[in-house]
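Notes for the one structure printed next.
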Amino acid sequence: MRIAIAATGAGRVTVGDPDGGSVHDLERHDLPALVARLEAEHAPRWIWRDTREWAPQLLAAGVRVARCHDLRLCGAILASSTVVAEAREGMPGRPAWLPPGPAEAAADASAPAAASVAAHAPHAALFELDEPVDAGSREGARHPSIDDLAAEHDRQLALADAAERSGALRLLLAAESAGALIAAELRVAGLPWDRAEHERVLEEALGPRPAAGRKPHRMEELSALVRDALEAPTLNLDSHADLLRALRAAGIGVDSTARWQLREHDHPAIAPLLAYKKLARLLSANGWAWLDEWVVGGRLRADYVAGGTATGRWATAGGGALQLPKAVRGAVSADDGWSLVVADASQLEPRVLAALARDPAMAAAGRGRDMYGAIVDDGVVATRDEAKVALLGAMYGATTGDSGRLVPRLARAYPRAMALVDDAARAGEAGRRVSTLLGRSSPLPSASWHDLQARANAVDATAVDERRARAAARDWGRFTRNFVVQGTAAEWALCWMAGLRARLAAIPVPPSVTPATASGPAFERMPHVVYFLHDELIVHAPDALVDAVASAVRESAAEAGTMLFGEAPVEFPLDLVVTRSYASVV
DNA sequence: TGGGCCCGCGCC
DNA sequence: AAAGGGCGCGGGCCCA
């Protein structure tokens with residue numbers, strides 16, 4: 001059964017079964033109670049334009065739904081998937097009231113990014129009762145009725161079912177929609193954050209918090225050392241241009257101020273400069289200002305953007321949760337009576353490549369716990385480190401350095417795996433799309449990319465034109481090479497997390513559980529996902545339930561492998577730790 | 001003053 | 001040691 005939810009303007013909402021069931025017209029304020037009742041009675045798939053329009057309000061009221069279909073995210077996948085290209089020909093396109101997906105909007109410089117549309121200041125209310133998404137102001141946009149939503153849902157399912165591997169596409173749409181729910185839940189629950197521990201880390205590294213507009217003590221000391229060593233008494237270390245000039249004037253032959261270049265020179269200014277840059281990074285990215293802005297009430301509430309990148313990996317639109325430096329992870333700590341179940345899919349991308357390519361030798365290497373070790377045992381390379389570098393090079397398209405040198409050895413040992421990524425690279429170089437296992441397709445290169453190629457093919461093309469075009473083609477080929485692996489790995493991770501979400505909701509909670517009061521009414525007694533980073537997640541779980549949660553995490557990983565690859569002989573082992581603090585994992 | 005670009009660096 | 005793919009973010013800086 002499906003039930004659609006549509007805004008009708010002026011704070012009212014229509015909720016109903018478009019296939020002939022009852023339809024309710026109500027104040028938006030009354031929505032959570034109705035959804036809770038219908039969810040309990042029918043366990044429907046909820047059909048809505050955009051999960052971000054509804055989930056925050058429901059979660060704030062303590063109401064969760066098991067399944068939804070996010071028309072915006074699924075519409076974006078179907079609009080670009082080559083798997084349904086033929087079926088699209090005979091069908092109407094996306095309706096005007098359906099905004100583009102986040103990755104599409106980001107790629108289109110003329111339109112504001114969807115992420116920024118949804119973005120809000122961290123202290124703002126978690127939802128706005130009237131218009132949380134400004135789709136109403138888009139040209140040609142209007143409020144879709146529940147019949148509009150149902151018709152678009154039908155169109156999307158018909159497109160998916162027209163694909164040769166319709167099951168894969170259906171799975172992708174379900175996983176993407178589950179991801180949208182999880183992204184909303186991650187924000188509402190928040191990542192448990194120990195402010196005092198974070199401040200301790202900052203003070204140890206930087207010294208006491210400085211007055212507004214002042215630099216921390218340790219940074220001032222290091223700046224003085226650098227200025228002395230460079231004999232540049234007024235140098236501003238934060239200005240790349242000024243710093244580069246001062247370095248060169250002191251005889252240090254770098255052409256950028258990047259750390260890897262600086263490290264190659266022996267000069268008394270280098271050590272304090274590198275130390276300064278490390279501290280400056282900590283201060284600006286995760287210092288006191290970040291803490292004040294993003295950690296409220298003992299929770300980091302980052303703004304995840306499901307489907308925010310071309311490959312299907314998520315993005316964030318604030319809070320920087322995808323780049324929490326290891327130095328501050330000790331501040332992630334469970335509430336009293338609760339634990340963190342931290343799980344990481346080890347060597348996910350090479351395993352995905354082995355399974356995707358059905359390369360028997362590489363799959364055999366991916367059957368054990370340590371794929372890199374198995375590649376050494378196969379005699380392909382001499383050390384684990386070489387195996388890792390060679391695999392990264394194969395997936396990223398390295399051509400130089402150690403990595404580029406090792407790739408041919410990998411190609412001899414695992415020809416099918418190498419052929420898969422090489423084919424993807426060739427397609428990209430020719431300007432064609434490539435697709436993941438479940439059917440998400442890469443974007444087309446930009447108009448300027450095509451211009452470059454056209455110029456190189458013109459009769460009066462110069463050597464420079466040809467060189468530029470070749471470089472651009474190879475760049476895009478590296479992108480498509482990586483796309484198939486990164487994107488399929490993202491699909492594995494989505495399926496893993498979606499399965500886990502369902503399993504966590506089914507774990508019975510004993511009455512003895514201490515509430516995690518800062519996690520909101522939907523999660524205060526339930527184990528719940530609080531962090532997700534590409535191939536790693538954290539569940540905040542009552543102590544009494546950590547064993548059940550760990551089992552759920554493992555079962556979901558195994559199930560994700562089977563859903564994507566059937567009985568392919570590749571395993572997806574997890575590194576799983578139960579802990580109070582994320583620091584103990586790093 | 002604000003937008004957009006580059007740089008450098010944090011994460012995977 | 002970096003390299004090669006995907007990101008976000010803050011600071012400097014240029015320009016209107």
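All values reported here derive from a predicted model rather than from experimental measurement.
Between the C1' atom of dG10(C) and the CG atom of L282(A) lies a distance of 13 Å, rounded to the nearest Å. Counting to the nearest Å, the C1' atom of dA3(C) and the CD atom of Q261(A) are 14 Å from each other. Remark: P of dA2(C) and CG of D385(A) are 12 Å apart, rounded to the nearest angstrom. Atom CG in L235(A) sits roughly 13 Å away from atom C1' in dG12(C) (whole-Å rounding). dG11(C) atom P lies 12 Å from atom CG of N286(A), rounded to whole Å. Here dA2(C) presents its P atom at 13 Å from NZ of K388(A), a figure rounded to the nearest Å. Between Y276(A) atom OH and dG10(C) atom C1' the separation is 12 Å, expressed in whole Å. Atom-to-atom, CG of D303(A) to P of dG8(C) comes out at 12 Å; the value is rounded to the nearest Å.
Of the candidate nucleotides dC7(C), dA3(C), dG12(C), dC7(C) has the atom nearest to the side chain of A310(A).
Judged by distance alone, the side chains of Y276(A) and D238(A) do bring a donor and an acceptor atom under 3.5 Å apart. For the residue pair N286(A) / Q323(A), no side-chain donor-acceptor distance below 3.5 Å is found, with atom types taken as modelled.
Of the charged side-chain nitrogens involved, none lies within less than 4.0 Å of a carboxylate oxygen, so that D423(A) and R432(A) do not count as a salt-bridged pair. Ion pairing between E429(A) and R426(A) fails under the 4.0 Å rule for side-chain N and carboxylate O. The existence of a salt bridge linking K388(A) and D385(A) is excluded, since no basic side-chain nitrogen approaches an acidic carboxylate oxygen closer than 4.0 Å. The pair R248(A)-D255(A) fails the salt-bridge criterion, with no side-chain N (NZ, NE, NH1 or NH2) lying under 4.0 Å from an Asp/Glu carboxylate O. The residues R351(A) and D535(A) are annotated as not salt-bridged, no charged nitrogen and carboxylate oxygen being separated by less than 4.0 angstrom.
Within the nucleic acid shown, V389(A) comes within 4.0 Å of at least one base atom, counting heavy atoms only. Within 4.0 Å of G404(A), counting heavy atoms only, lies no atom of the nucleic acid at all. When heavy atoms are screened at a 4.0 angstrom cut-off, G393(A) is found touching no nucleic acid atom at all. Residue S284(A) is classed as a sugar-phosphate contact, given heavy-atom separations below 4.0 Å to backbone atoms only. Within 4.0 Å (heavy atoms only), R263(A) reaches sugar-phosphate atoms of the nucleic acid but no base atom.
Each of G401(A) and F479(A) was assigned the nucleotide of DNA chain C with the nearest heavy atom; the assignment lying further toward the 5' end belongs to G401(A). The 5' end of DNA chain C is approached more closely, in terms of each residue's nearest nucleotide, by T311(A) than by the other of T311(A) and G318(A).
Across all strands shown, dG4(C) remains unpaired; no Watson-Crick or G-U wobble contact has both distances below 3.5 Å.
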Review point. In B/S/- notation, 5' to 3', how is nucleotides 1-12 of chain B contacted by protein heavy atoms closer than 4.0 Å?
Key: ------BBBBBB
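By the rule that a glycosidic angle within 90° of 0 means syn, dG4(C) counts as syn.
Expressed to the nearest 0.5 Å, how far CE of M371(A) lies from CG of L391(A) amounts to 5.5 Å.
Counting distance only, with no hydrogens placed and no angle test, the side-chain atoms of D402(A) and the base atoms of dA3(C) include no donor-acceptor pair under 3.5 Å.
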